[in-house]
Amino acid sequence: MKFSISRDALLKPLNLVAGVVERRQTLPVLSNVMLVLEGSQLSLTGTDLEVELVGRVPVDEAGIDGEVTVPARKLVDICKSLPEGSDIAFSVEESKATVRSGRSRFTLSTLPAREFPSVEEGIGTQQFSLKQGQLKRLIDRTSFAMAQQDVRYYLNGMLLEIRQEQLRVVATDGHRLAMCTFPEALSGQQDTQVILPRKGVLELARLLLAENEEIGITLGSNHLRATTGEFTFTSKLVDGKFPDYERVLPRSAEKVVVGARLDLRQAFTRTAILSNEKYRGVRLKLSEDSLDIVANNPEQETAEEQVPVEYRGDGLEIGFNVSYLLDVLGVLSGETVKLSLSDPNSSALLEEAEDGDSLYVVMPMRL
Amino acid sequence: MPEDSSETPRKIIHIDMDAFFASVEQRDNPALRGKPIAVGGSAERGVVAAASYEARVFGVRSAMPSVTARRRCPQLIFVPPRFEAYRAVSRQIHDIFRRFTSVIEPLSLDEAYLDVSEDLQSVGSATRIAQLIRQQILEETGLTASAGVSYNKFIAKIASDQNKPDGLCVVRPEQGPAFVAGLPIRRFHGVGPRTAERMARLGIHTGADLRAQELELLREHFGKSADYLYRASRGIDFRPVRSERIRKSIGGERTYREDLLTDEALRSALTAIIDLVWERIERQAARGRTVTLKLKYSDFHQITRARSLPGAISGRGEFARLADELLEGVLPVPRGVRLLGLTLSGLEARTPSDAAQNVAEAPPRQAHFEF
C-alpha cells in the first residue's frame, strides 16, 4: 500500500473519523483507523461498534492499492503537527506503516484490516434524502433534551419518526421534551419509528457541515445510514420503544404568555447566577403583563427580575429548573416566544410565537 | 416582601410561661402571692431555678447562686421545687396547644414553639390564635403566658420576651428586618456576654450593626455562628418547628453536700448516677456511642473524660463498665469532688423521620413525565 496526499486533505476526514474512535478500547484494533486505497480513492474508517464512520478523499498520487489499520490518535497528532500545506507520503511494508513528510519520518505499528470489525448492515427498508442543513436543524433543535446514561436506555437517544409522510424528531430525558418537525412531506414513505443512540446523534451532527448539500438516509431494522459524497455514517439503533410523547404534550395550558425571547433569556441567565447550584430552581410569578423571576440559593442571596410580557389572566406561581428553560430559549429563534402554562404542577409548553417547527415541554419543579 | 423561602410566610408562635415555677408556687400557696420568692435550694450550694417578678425587682435571676440571691434580697422566700406540679401544668398547656396545631416543639416545661400555619381551628390569624392560647392558659391553669408571633422561630422567641409578663408581641414579615435591626445584640440567641464584648470591639451593638457586616468578616470572628448571625440579622431563619426535639445527648449529674474524697465514696456515688442516667436513656429509647464523665473539684476546676465505641452501647452493663473505667482513670483524686456527672452522646436518630428533620429545608422536587 502506497500513496501520497496533502496534509490538509487528509486531516479533514481523519479528524471526523477519529472522533468516533474511543480512546480506551478493550479491543486494540478499535483504537485504530482503517485506511483502504482503491485506485485514487482513500477511505478512512473509524468505529466503536455502535457508530461507524467512513470518510472518503482522493489521493494526489496513487501507488499500490491496499488496506491497513494504524493507531488513530497517533496518526491524527502526527498530521496535525506537520506544517500546513505539507505533503504526506504513506506506505506500508511488512507490518509497519511509514509516514514521510519533508524531513520527518514516522513508523507506526499496524494491525491487519481483516481484523477490523464492520458494523453489520441490515437490509435498508426505506430511503429518503434531505439537505444537510435541514437534518442539522432537526438535531440541533432537540438533541439537548436527550437523556444521558438513563436506565431507561430508550431515552438515551433521539426518536426519528415518519408518520403520514411527516418526519419528526423527539428527545426527552423525562423532565423535558423537545420536538421538531420537518416542514416538507416525505412522499411515499411508510410510517416508522427508530431511536438513534445519543453518540450517533452527536457524531452525525458534527458531520453536517455542507448546509445545502443533500444527505441520503437509509433506515434499516437495526441501523441508520447517512451518506454524502464525502462520508458514510452508520449507527446502530436503540432496540426499544420510545414513550408515547404525544401523551405528555400539555392540552389545557390556557395561560398563554408571549414575551421577547432575548429579554427572557437574559433575565433567566442573570437569575440563574443566584439559583441553587445543584437544583437550579427559579420561581416564576406571573401577573397581568408581567413575569417576575426570582432565584435564591442556600447562602440566602437572591436575584429578582421583572420582564414585561403579554399576558391576561389569573396570577400563577411556578418553579422550574432554569437550565431547562435556558436550553430551550437558546435553541429557539425569532423575536418572541410563547409560554403556555396551566398550574404549578403541570408542564409548560414553549414554542416560537409564530410559525414554529419546534415544541418544548418542561416539567415544573416544586420549590 | 419577607425574606423567606416558602411561598407563603409561616406562622410561628413562641409561648413562654411567666416566671413559671414561681408562679405555680404562688398560685398553689396564697401566702406566697405578692412576695419575692425563689424556687430552688436555699442551702449553701443551691441555685435559683426560678424567681417571682417580685424577686426580680431585687435583681434575683434564675441560675443565680442562692447565696447571692439572698444577699440581693434578704426577705427572699425559698421554696423547694415541685417538678410534678410543673409537669402537670406543662401537660395542660400542651393540651391547649394541640387544639390549634400538631406542630409543637417544646423547649422546656414552660416554653414551646408552635407552627400554626395549618390552623386546625380555622381561626384565620396567628395573632388571634396566640390570644386564644394565652386566654385559655389563664382560664385553665390560672397562670399567665407571654407570646411572640412571627414568621420564624428566631423572631418569635425574641418577640415573646418583648412585652413580658402577660404580653403579646406580633412581628409581621414586612416588619421583621426593621425589628431585628433595632435589637441590642445581646437579645440574639447565642450571643452571650463574651460574644457581645467581642462584637462591641468591632462596633457591633445592634442588629443593624450586625447586618452591615460582610459574611466573611463574621466568619473570621465568629466562626461557626457566622452564617446564623448573618441570616438572623436579616430576620431570616429557616429552621422548622420540630415536633419532636432531636436530643444530642442525655445525661445527669449530682452536686454533693460534702465533697467526695475517697475512691470508695466516688465509686458508690457514680453507681447512683449510672442508675439515674441509664433510666433516662431507657425512657428515651436512645442509642448512643459516647460516654462522658464530668467531675468538678472543690475548687470548681472541672474535668471531663470521654470514651466512644464504634457502635451504640448495647446495654446498662456496657454503659456502667465504660463509666467505671472513666472514673478509675482519674483516681485517686487530688482534691475533694463536689460534682459528678455522666452523659451519653453520639445519639442515633431513632426513626427515619427524625433524621429527615435534620435537613432544614426539603430539596426542590423536579417533576417528571408520566410515560
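Each chain gets a letter, A, B and so on, in the order the sequences are listed, and its residues count up from 1.
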Just how far is it from atom CE of A:M363 to atom CD of B:E370, taken to the nearest 0.5 Å?
7.0 Å
What do you reckon, is CD of A:Q190 surrounded by more than 12 foreign heavy atoms closer than 6.0 Å?
no
Honestly, the part of A:R176 sitting under 4.5 Å from a heavy atom of chain B is backbone
For a quick test of reading the model, state the closest non-hydrogen atom pair linking A:P364 to B:Q366 and the distance between them.
O-NE2, 3.2 Å
If I measure from the heavy atoms of chain B, does A:V294 come under 4.5 Å with its side chain, its backbone, both, or neither?
neither
A:R247 and B:F369, any side-chain heavy atoms less than 4.5 Å apart:
no
Rounded to the nearest 0.5 Å, what separates atom CZ in B:R365 from atom OH in A:Y279?
12.0 Å
How about B:R187: does its CZ atom have over 12 heavy atoms from other parts shown lying under 6.0 Å from it?
yes
Please check if atom CD in A:E246 has more than 12 non-hydrogen atoms from other residues, nucleotides or ligands closer than 6.0 Å.
yes
Whether over 12 other heavy atoms sit under 6.0 Å from A:K236 NZ:
no
Rounded to the nearest 0.5 Å, what separates atom CG in A:D173 from atom NE2 in B:H368?
11.5 Å
Residue part contacting chain B, namely of A:Y324, when any heavy atom lies under 4.5 Å
side chain
Counting only heavy atoms not in A:R251, do more than 12 sit closer than 6.0 Å to its CZ atom?
yes
Counting heavy atoms not belonging to A:D239, are there more than 12 under 6.0 Å from its CG?
no
